[in-house]
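In what follows, a structure is listed as structure tokens, so that the remarks can point back to it.
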Amino acid sequence: MHSLKSIALLGLLATLGATQASAHGLWTEQRRGNIEVIYGHGAEDDAFKAKKISGAWAYDGAARMIPVTVQRLADHARLQPLKPPAVLAVALDNGPWSQTADKRWVNQGRSKVPGAIASTHTYKYSLAIYQPGAKLPKLEQLKLVILPEVDPLTVGPGKNLPVRVLLDGQPVAGVKLIGDYRNAPSTLSTETDAQGRAQVLVRNEGLNVIAAELEVALKDNPDVASRGLFSSLTFLGEPHHE
């Protein structure tokens with residue numbers, strides 16, 4: 001099990017502040033009949049290089065895989081599963097970032113940035129639950145993942161959703177969770193216990209985006225000093241009615 005001691009740089013993201021390296025999250029939204037990948041911070045919805053989407057996985061209610069295409073547009077990406085999914089996951093590899101002596105962040109490893117004073121390689125993950133009763137598949141592709149321990153579509157606004165946070169497949173303690181990343185990205189809701197578990201208040205009737213972020217120290221890596229990870233869990237607080 002991962003503990004606070006094993007995550008030597010937990011909390012570094014707060015130090016990095018609003019840098020391009022770490023301040024943005026990843027989630028998906030239904031827009032104009034499409035599943036759009038959102039890269040942003042709270043209400044911000046920023047353009048990004050679609051080539052950075054490193055994978056997308058869709059599943060039916062029985063956790064059987066559904067083929068999904070990543071449509072790489074000029075300023076973002078769109079996910080196109082072969083049929084409506086019960087569960088959808090996506091990953092973005094944001095690459096290595098280094099901070100120069102004058103506090104600028106550039107999208108390169110420190111071996112290519114003379115005099116770099118900080119460096120990290122950031123990864124963003126998102127898990128969306130669309131259909132009630134969906135069985136979750138193994139999600140080994142998501143190195144940081146927020147797993148609901150009950151069906152999130154049955155909880156309802158104003159009630160707590162039990163979740164478990166896994167880092168590299170293992171429960172991780174002391175992870176701070178943001179209960180409403182889309183609307184209040186700086187407001188922490190709770191943190192995980194020794195078993196990686198927490199209770200997160202479901203805040204919205206519409207889209208809920210629960211988020212977690214970690215920074216993990218790396219040893220003997222010539223390009224970066226740490227691995228930065230962001231993960232979100234999204235679902236609707238109440239069923240959609242026409």
Side-chain angles (χ1 to χ4, degrees), residues 7-29 35-57 68 70-79 88-100 103-113 116-128 139-146 165-168 172 175-178 181-182 185-186 209-219 221-234:
I7 304 172
L9 295 183
L10 181 61
L12 178 62
L13 287 172
T15 303
L16 297 182
T19 68
Q20 185 74 5
S22 63
H24 288 69
L26 189 77
W27 67 97
T28 54
E29 289 192 20
I35 301 175
E36 307 280 2
V37 179
I38 310 302
Y39 176 78
H41 181 76
E44 298 174 8
D45 179 1
D46 291 343
F48 65 92
K49 296 177 181 179
K51 67 180 182 180
K52 291 189 173 184
I53 297 295
S54 55
W57 306 270
V68 57
V70 180
Q71 184 181 5
R72 301 180 192 274
L73 304 172
D75 57 358
H76 75 291
R78 181 176 293 159
L79 305 182
L88 183 68
V90 62
L92 181 148
D93 183 345
N94 208 20
W97 288 82
S98 298
Q99 190 179 33
T100 63
K103 305 295 185 179
R104 291 182 303 107
W105 283 92
V106 293
N107 202 178
Q108 291 183 317
R110 58 186 173 183
S111 65
K112 297 181 180 179
V113 182
I117 59 175
S119 59
T120 186
H121 191 132
T122 59
Y123 302 86
K124 319 285 182 177
Y125 305 103
S126 185
L127 172 64
L139 294 163
E140 297 171 348
Q141 313 96 317
L142 308 187
K143 302 307 179 184
L144 179 67
V145 61
I146 305 168
V165 179
L166 303 182
L167 173 63
D168 297 325
V172 58
V175 178
K176 293 177 172 59
L177 291 163
I178 300 167
Y181 187 81
R182 194 168 180 262
S186 300
V209 182
I210 297 171
E213 46 193 355
L214 289 177
E215 198 86 10
V216 182
L218 297 175
K219 293 181 179 180
N221 188 303
D223 264 340
V224 294
S226 65
R227 178 170 54 125
L229 304 106
F230 173 97
S231 192
S232 67
L233 169 65
T234 69

| So which heavy atom on R227 is nearest to which on D168, and how close? | NH2-OD2, 2.8 Å
| When rounded to the nearest 0.5 angstrom, what is the spacing between NZ in K143 and CG in L214? | 14.5 Å
| said: Return the NZ to CZ distance between K52 and R72, rounded to the nearest 0.5 Å. | reply: 12.5 Å
| said: Return the OG1 to CG distance between T28 and L127, rounded to the nearest 0.5 Å. | reply: 8.5 Å
| Residue pair H121 / V224: nearest heavy atoms and the distance that separates them | N-CG1, 3.8 Å
| What's the shortest heavy-atom distance between S186 and H41, and which atoms? | OG-NE2, 4.5 Å
| task | Would you indicate whether R104, at its atom CZ, is surrounded by more than 12 heavy atoms from other residues, nucleotides or ligands within a distance under 6.0 Å? | result | no
| Donor-acceptor under 3.5 Å (S232 side chain, L26 main chain) | yes
| query | From Y181 OH over to I210 CD1, what is the distance, rounded to the nearest 0.5 angstrom? | reply | 14.0 Å
| request: Quick one: list whatever passes side chain to side chain contact (heavy atoms under 4.5 Å, CB included) with E29, sequence neighbours left out. | output: W27, R31, I38, R182, L207
| Rounded distance (nearest 0.5 Å) linking atom CG of N221 with atom NZ of K219 | 13.0 Å
| note | For A77, the side chain to side chain contact (heavy atoms under 4.5 Å, CB included) test, sequence neighbours excluded, returns V37, F48, A50, I53, V70
| query | Do side-chain atoms of D223 reach the backbone of K112 as a donor and acceptor pair under 3.5 angstrom? | reply | no
| message | Tell me which one of P96, S226, S98 satisfies side chain to side chain contact (heavy atoms under 4.5 Å, CB included) with T120. | response | S226
| Is any side-chain heavy atom of T100 less than 4.5 Å from a side-chain heavy atom of V113? | yes
| field | Contact check, side chains of F230 and T122, non-hydrogen atoms, under 4.5 Å | value | no
| task | Enter the distance from D75:CG to K49:NZ here, rounded to the nearest 0.5 Å. | result | 13.0 Å
| message | Using only atom types and a distance under 3.5 Å, with no angle test, would you say the side chain of K124 pairs donor to acceptor with the backbone of N94? | response | no
| field | Where A47 and Y39 come nearest, the two heavy atoms and their spacing | value | O-CD2, 4.2 Å
| remark: Closest non-hydrogen atoms of S126 and T234, given as atom of the first, atom of the second and distance, are OG-CG2, 4.2 Å
| query | Which atoms form the tightest heavy-atom contact between E213 and L144, and what is the distance? | reply | CA-CD2, 4.4 Å
